[in-house]
Every structure is written in structure tokens, then in C-alpha cells.
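Okay, so here's the structure we're looking at.
No experiment lies behind these values; they were computed from the predicted model shown. First listed ligand is number 1; within each ligand, the first listed atom is number 1.
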Amino acid sequence: MRKPLIAGNWKLHKTLSESRALATDLASCLRNFAAADVVVAPVYTALATVAEALAGTPVKLAAQNCYPEETGAFTGEVSPLLLKDAGCAYVIIGHSERRQLLEESDHFINRKLIKALETGLKPILCIGETLQERESDQMLEVLTAQIKGGLANLSATHMAEVVIAYEPVWAIGTGKTATDEQAQEAHSFIRGLLQGLFTPEVAAATRMLDGGSVKPNNIYGLMAMDDIDGALVGGASLKAEDFLRIARFES
Ligand code: PEP
């Protein structure tokens, strides 16, 4: 019932020509791919170029962030409206790097999520605990606060468009991975939260991605878990060969 989704977060990597080359490779290999939804998130400056390279293919475009206003005196920011105009279908919101480096709060993240939904973009809401939070038994509390804060004031109809990415901060870009069972335990807990906040139907229909050093060698095990519907991939999305293997769940 939940179609798998594999999203590549290119972070602050790749020039225009490098972005075009990677998108062109993915486009040619995934032209008729239907086993999973595939999404890539280049830097802002490469969005329109990548949109052009992906045109006519099922691969969708995402932005890595957005600002929760449409237009106005917000120097340096980019709104969901402009992201849509550039060809985006999705937007990553609340990535742990932004939470940590830019001190983004759950309230600010919630405002972005609502604006993205109002504009017709599908938000990928990132949540996850730090190592210190996990080791001091605060993990469930942290995930609860991020889910409740991030999804505040959302309706069940809104939730049909929302994707959740569980990414333990200690596994992002570190090569350390949560075991399949650790990941499943967190995903199952999050799905339980959705059930309480919304309805059992919403909880059962929401797509949840796993993230944090997902590679070709661990995607298969993760995808076998009941509550994991795909992956948000950083480092391994920068090489077409690795990302394609992940999209096809090939170890
Ligand atoms: C990410 O950027 O969301 C991520 C999970 O990165 P990596 O796959 O490199 O750990």
C-alpha cells in the first residue's frame, strides 16, 4: 500500500555541470523505473538545470530547504512557491544539519511544512536523536517532541502528502549505521505516534524513510523491515552507480 521512496540529498555538493551530469545519468537509467519513487535534492542553484535533465522521467526534484513565506523582504531565502516554479515536487524540511548548524526549532520547521503543503509541495520531514540523547535514554522523548512540534496543526488530508525521514544524527555521514532492528524499532514508535496524533489510517498510509549512512550494502535489510518504506541517502547519492543500486534495493 505504501510505495517505496528513495531520496538523494546532494547537500552542498556539485557544480552545475556535475549536477547536470549526475541527473542525466539517473534519468537515462530510470526512464521506465516504477518499483520506487525516486527523488533527488540538489543545491538551489542547480534546481532548474536538474529539472531540465529529469524532464519526461519519473525521477522527481526536491529542494533541501525552504522559507515559510511566499514573497517579501526575506533576503537570501527561497519560498515553496519559487521551488515549485523551479520544478520541485518535494522539499526536505528539518534536516538535522539545519537543526544543529542553524538552530532551527520545531516551531519554525512546522511553519515551513505548512507553507510547503499549502503550495502543493510534498515535505520530507527529518527527525532523529543525537548519540548523547540515545545514550541518556531520551530518544523517545526527542522523537515525540520533533513529531508533535513538526506536525502541529496539520490535518489528516495534509498528512497524505507528508513523508517522514528518521535519521539518527549519529549515523549521518559517519559510516555508523543503525541495525535494521534499531531502525525498525524507531520507525514503529513513530508510526505509533502518528496513530495517536491522527488516525490509524493516517499512520498506516504515511511513508517513512530511514536515513544515516544508507548504502547499497544495507538497503536490502532496511527495506525488509515492516515500517521502513525507503531511504533518505546523503553520501551514496552522489554517485549514480551507488544511488541506482539503492533505488533498486541491490546489495
Ligand atoms: C542525509 O543527508 O540525510 C544522510 C542520511 O546522509 P548520509 O547518507 O551521508 O549519512
Tell me whether [X] reaches ligand 1 (any heavy atom closer than 4.0 angstrom to a ligand atom).
| X | value |
| --- | --- |
| Ser213 | yes |
| His95 | yes |
| Ala171 | yes |

Return the closest protein heavy atom for [atom] as residue, atom name and distance.
| atom | answer |
| --- | --- |
| atom 3 (O) of ligand 1 | Glu167 OE2, 2.6 Å |
| atom 9 (O) of ligand 1 | Gly235 N, 2.8 Å |
| atom 2 (O) of ligand 1 | Lys11 CE, 2.6 Å |
| atom 8 (O) of ligand 1 | Gly234 N, 2.8 Å |

Salt bridge check: are Glu104 and Lys112 linked by an N-O gap of less than 4.0 Å?
-> yes

Output yes when Asp37 and Arg207 qualify as a salt bridge under the 4.0 Å nitrogen-oxygen rule, no when they do not.
->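 Yes, charged N to carboxylate O under 4.0 Å.
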
So His187 and Tyr166, would you call those rings parallel, tilted or perpendicular, with 30° and 60° as cut-offs?
->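 Perpendicular, since the angle between the ring planes exceeds 60°.
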
Quick one: do Arg99 and Ile109 satisfy side-chain contact (heavy atoms from CB on, under 4.5 Å)? Show the steps, please.
-> CA-CA 9 Å; Arg99 289 178 188 265; Ile109 287 165; 3.5 Å; yes

What atoms in ligand 1 come closer than 4.0 Å to a heavy atom of [X]?
| X | result |
| --- | --- |
| Gly212 | 5 (C), 10 (O) |
| Leu232 | 3 (O), 5 (C) |
| Gly173 | 7 (P), 9 (O), 10 (O) |

Is there a donor-acceptor pair closer than 3.5 Å between any side-chain N or O of Arg191 and the backbone N or O of Thr206?
->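 Looks like yes, one N/O pair under 3.5 Å.
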
Below 3.5 angstrom, do we get any N/O pair linking Asn9 and ligand 1?
->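 Yes, there is a polar N/O contact under 3.5 Å.
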
Would you check if there is a donor-acceptor pair between the side chains of Gln184 and Asp227 at a distance under 3.5 Å?
-> yes

Taking atom types as modelled, find out whether Thr130 and Glu133 have a side-chain donor-acceptor pair closer than 3.5 angstrom.
-> yes

Distance (rounded to the nearest 0.5 Å) between Leu26 CG and Phe33 CZ |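 So the gap between those two atoms works out to 11.0 Å.
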
Between Ile172 and ligand 1, which part of the residue brings a heavy atom under 4.0 Å of the ligand: side chain, backbone, both or neither?
->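 Both backbone and side chain of Ile172 come within 4.0 Å of ligand 1.
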
